[in-house]
Enquirer: 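Pasting in a structure now, in structure tokens, and then I'll have a few things to ask.
In this text the structure is predicted, and so the values were computed from the model without any measurement.
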Amino acid sequence: MLNQITTILECSRVFSLPMTIMSWLVIFTYSSLVAGHIRYGFLALIGVCLAHLATNVFDDYFDYKSLIKQVDFNKKEYLKNSQKTKCRYIIAGLMKPRQIFALGCIYLLLAILIGVYFFFKCGAGVIYFALIGGILTVLYSFLSKIRLSEVAVAIAYGPALFGGIYYVMTKTYSWDAIILSIPSMIVTVILLYIHTVMDFDFDINEGHQTIANSFNSRLDSLVVLKWLLILAYITPVLLCIFDIADWQVFAVWLTIPLAVDLYKSMVDFSVDPESVPEHKWYHFPMENMMGEPAFMTRIYQSRNLMIYYSLILSAAIVLALI
């Protein structure tokens, strides 16, 4: 039973949940300080986490269905070259495709039930945010093949998540919540972009068109990462301009060394995909490397940057509004 649960969690890519939890934390903190309903905020967290896991599972399921249609697809060769987190459990036979699809449906159904509860408690506005989340959950795998994965994540972790959490906690809409989502949304998109840069060759081989592989090489594609990192540290200014928070938000600049370190690490990866960054104290937490230390170390670097950034931003909001 324990092994089954572990397999389910790993194929659901549970290690990616901090990106949802940390994004939620920022808007939850803000909404709580403007008299939001705290219990609804925690219930909403469960809902968005379920939607996130459903997206991960459906992404793998539809990717697998696309892979097996390829004439030259060979399971053994694919397992030698694939990242540990993409379709591996289906291809290795640890879980059957119909089990993966059923798992995604269960996650999505539970998320929908929470949405229905909020519909009766908070009003019809929940429908708009739930529709956006549901559509992105189901279509993400297809959007990721036509250079729209970053756009999908930006919408999901920006206006949809921040606007939705604020709405269920306060029963009102707020442009301030949408503006507040911008810095957090960017650091979340950075995490996804890191993944697509490292999957540069895999995505080309599998017919995925991404922003990263629209460039001639991984190294060239890092120009987008550079600008995303710059924007992550410029956009907190908007929170001051629109009087959402005060100067305390600039405390996120404390994470700039982590951002520089991450960029340098990606340059090294672009030159040598087998290179493994030196593990330093500020890189942690870093858990299961899944047999891919070069890949997973950088995923954890980008994830942890997002965690530290979000924690500091949340703390800054508290200091600015209390």
Enquirer: Does D272 reach the main-chain N or O of E274 with its side chain, forming a donor-acceptor pair under 3.5 Å?
Expert: yes
Enquirer: More than 12 foreign heavy atoms under 6.0 Å from CZ of F120: is that the case here?
Expert: no
Enquirer: Ring centroid separation for F28 and F42, is it under 6.0 angstrom?
Expert: yes
Enquirer: Between Y173 and Y167, is the ring centroid distance below 6.0 Å?
Expert: yes
Enquirer: Is there a donor-acceptor pair closer than 3.5 Å between any side-chain N or O of R147 and the backbone N or O of T210?
Expert: yes
Enquirer: Provide the closest heavy-atom pair for A111 versus G47 in the form atom of the first, atom of the second, distance.
Expert: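 The answer is CB-O, 3.7 Å.
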Enquirer: Counting N and O atoms only, with roles assigned by atom type, does the side chain of S184 sit under 3.5 Å from a partner on the main chain of S181, one being a donor and the other an acceptor?
Expert: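 No, because the side chain of S184 does not come within donor-acceptor range (under 3.5 Å) of the backbone of S181.
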Enquirer: Apply side-chain contact (heavy atoms from CB on, under 4.5 Å) to V57 and S12, showing your working.
Expert: CA-CA 6 Å; V57 171; S12 300; 3.8 Å; yes
Enquirer: I need the L191 CG to I299 CD1 distance, nearest 0.5 Å.
Expert: 6.0 Å
Enquirer: Do the side-chain N and O atoms of Q209 and S214 include a donor-acceptor pair separated by under 3.5 angstrom?
Expert: no
Enquirer: Can you get from L238 to V189 by hopping between Ile, Leu, Val, Met, Phe, Trp and Tyr side chains that sit under 4.5 Å apart?
Expert: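 Linked, L238 and V189 end up in one cluster.
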Enquirer: Within this structure, what is the CH2-CD1 distance for the pair W253 and I234, rounded to the nearest 0.5 Å?
Expert: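 Answer for the CH2-CD1 pair, W253 versus I234, is 9.0 Å.
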Enquirer: Where do I165 and A44 come nearest, in terms of heavy atoms and distance?
Expert: CD1-CB, 3.4 Å
Enquirer: Quick check: do F242 and L180 have side-chain heavy atoms less than 4.5 Å from each other?
Expert: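 Not touching, per the 4.5 Å side-chain cut-off.
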Enquirer: Kindly state whether the ring of F250 and the ring of W247 have centres lying under 6.0 angstrom apart.
Expert: no
Enquirer: Indicate yes or no: at least one non-hydrogen side-chain atom of V187 is less than 4.5 angstrom from one of L305.
Expert: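 With C-beta onward as the side chain, the pair stays apart.
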Enquirer: Between D261 and P257, is there a donor-acceptor pair closer than 3.5 Å when you use the side chain of the first and the backbone of the second?
Expert: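 No, because the side chain of D261 does not come within donor-acceptor range (under 3.5 Å) of the backbone of P257.
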Enquirer: Quick check for you: to the nearest 0.5 Å, what is the distance between I190 atom CD1 and Y193 atom OH?
Expert: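 OH of Y193 is found 11.5 Å from CD1 of I190.
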Enquirer: Assigning hydrophobic clusters by single linkage (Ile, Leu, Val, Met, Phe, Trp, Tyr; side-chain heavy-atom cutoff under 4.5 Å), is L321 placed with W175?
Expert: no
Enquirer: Say you draw a straight line from OG1 of T297 to CZ of F269; how long is it, rounded to the nearest 0.5 Å?
Expert: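 Answer rounded to 0.5 Å: 10.5 Å.
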Enquirer: Using 0.5 Å steps for rounding, measure from the CG atom of L319 to the CD1 atom of I317.
Expert: 10.0 Å
Enquirer: With a 4.5 Å cut-off on side-chain heavy-atom distances among I, L, V, M, F, W and Y, is there a chain of contacts connecting I211 to I204?
Expert: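 Not linked; separate clusters.
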Enquirer: State plainly whether one hydrophobic cluster holds both I178 and L25, where clusters connect Ile, Leu, Val, Met, Phe, Trp and Tyr through side-chain heavy atoms under 4.5 angstrom apart.
Expert: no
Enquirer: Apply side-chain contact (heavy atoms from CB on, under 4.5 Å) to the pair F142 and L148, showing each step before the final yes or no.
Expert: CA-CA 9 Å; F142 302 101; L148 290 177; over 6 Å; no
Enquirer: Please lay out, stage by stage, how L313 and L239 fare under the test side-chain contact (heavy atoms from CB on, under 4.5 Å).
Expert: CA-CA 11 Å; L313 182 57; L239 308 186; 4.1 Å; yes
Enquirer: Determine whether L225 and M266 make a side-chain contact, defined as any pair of heavy atoms from C-beta on separated by less than 4.5 Å.
Expert: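 A side-chain contact under 4.5 Å exists here.
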Enquirer: Do L109 and L50 touch side chain to side chain, with heavy atoms closer than 4.5 Å?
Expert: no
Enquirer: Quick one, V267 and L219 - any side-chain contact, counting heavy atoms below 4.5 Å?
Expert: yes
Enquirer: Please report the closest heavy-atom contact between M306 and S23, naming both atoms and the distance.
Expert: CE-OG, 3.1 Å
Enquirer: For K171 and K121, indicate whether the former's side chain and the latter's backbone hold a donor-acceptor pair under 3.5 Å.
Expert: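 Yes, K171 side chain to K121 backbone: donor-acceptor pair under 3.5 Å.
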Enquirer: Using modelled atom types and a 3.5 Å cut-off, is there a donor and acceptor pairing between side-chain atoms of S16 and backbone atoms of R13?
Expert: yes
Enquirer: Check step by step if side-chain contact (heavy atoms from CB on, under 4.5 Å) holds for S144 and D59.
Expert: CA-CA 9 Å; S144 68; D59 185 34; 4.2 Å; yes
Enquirer: Looking at N216, I want to see if its CG is surrounded by more than 12 non-hydrogen atoms of other residues, nucleotides or ligands under 6.0 Å.
Expert: no
Enquirer: With a 4.5 Å heavy-atom cut-off, do S265 and Q301 have their side chains touching?
Expert: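 A side-chain contact under 4.5 Å exists here.
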Enquirer: Is there a side-chain contact between I186 and T235 (heavy atoms, below 4.5 Å)?
Expert: yes
Enquirer: Describe, in one word, how the ring planes of H195 and F295 are oriented to each other, choosing from parallel (under 30°), tilted (30 to 60°) and perpendicular (over 60°).
Expert: perpendicular
Enquirer: Do side-chain atoms of S217 reach the backbone of D220 as a donor and acceptor pair under 3.5 angstrom?
Expert: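 Side chain of S217 to backbone of D220, a donor-acceptor pair under 3.5 Å: yes, one is there.
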Enquirer: Under the side chain to side chain donor-acceptor pair (under 3.5 Å) criterion, do S275 and R298 qualify, and how do the steps go?
Expert: CA-CA 10 Å; S275 65; R298 291 171 173 92; 3.0 Å; yes
Enquirer: Is the centre of the Y309 ring less than 6.0 Å from the centre of the Y233 ring?
Expert: yes
Enquirer: Say you draw a straight line from CG of L161 to CE of M19; how long is it, rounded to the nearest 0.5 Å?
Expert: 10.0 Å
Enquirer: How about F58 and Y107: are their ring centroids closer than 6.0 Å?
Expert: no
Enquirer: Which of parallel (below 30°), tilted (30 to 60°) and perpendicular (above 60°) describes Y61 and F101?
Expert: tilted
Enquirer: Can any side-chain N or O of W227 pair as donor or acceptor with the backbone N or O of L222 at less than 3.5 Å?
Expert: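 No, the answer is negative, given that no donor and acceptor are paired below the 3.5 Å cut-off.
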Enquirer: May I ask whether I230 and I241 are part of the same hydrophobic cluster, defined by side-chain heavy atoms of I, L, V, M, F, W, Y residues being less than 4.5 angstrom apart, directly or through others?
Expert: yes
Enquirer: Using only atom types and a distance under 3.5 Å, with no angle test, would you say the side chain of S174 pairs donor to acceptor with the backbone of D176?
Expert: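 Side chain of S174 to backbone of D176, a donor-acceptor pair under 3.5 Å: yes, one is there.
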Enquirer: Can you confirm whether the side chains of Y157 and T20 place a donor and an acceptor under 3.5 Å from each other?
Expert: yes
Enquirer: So Y140 and N56, do their side chains get closer than 4.5 Å, heavy atoms only?
Expert: no
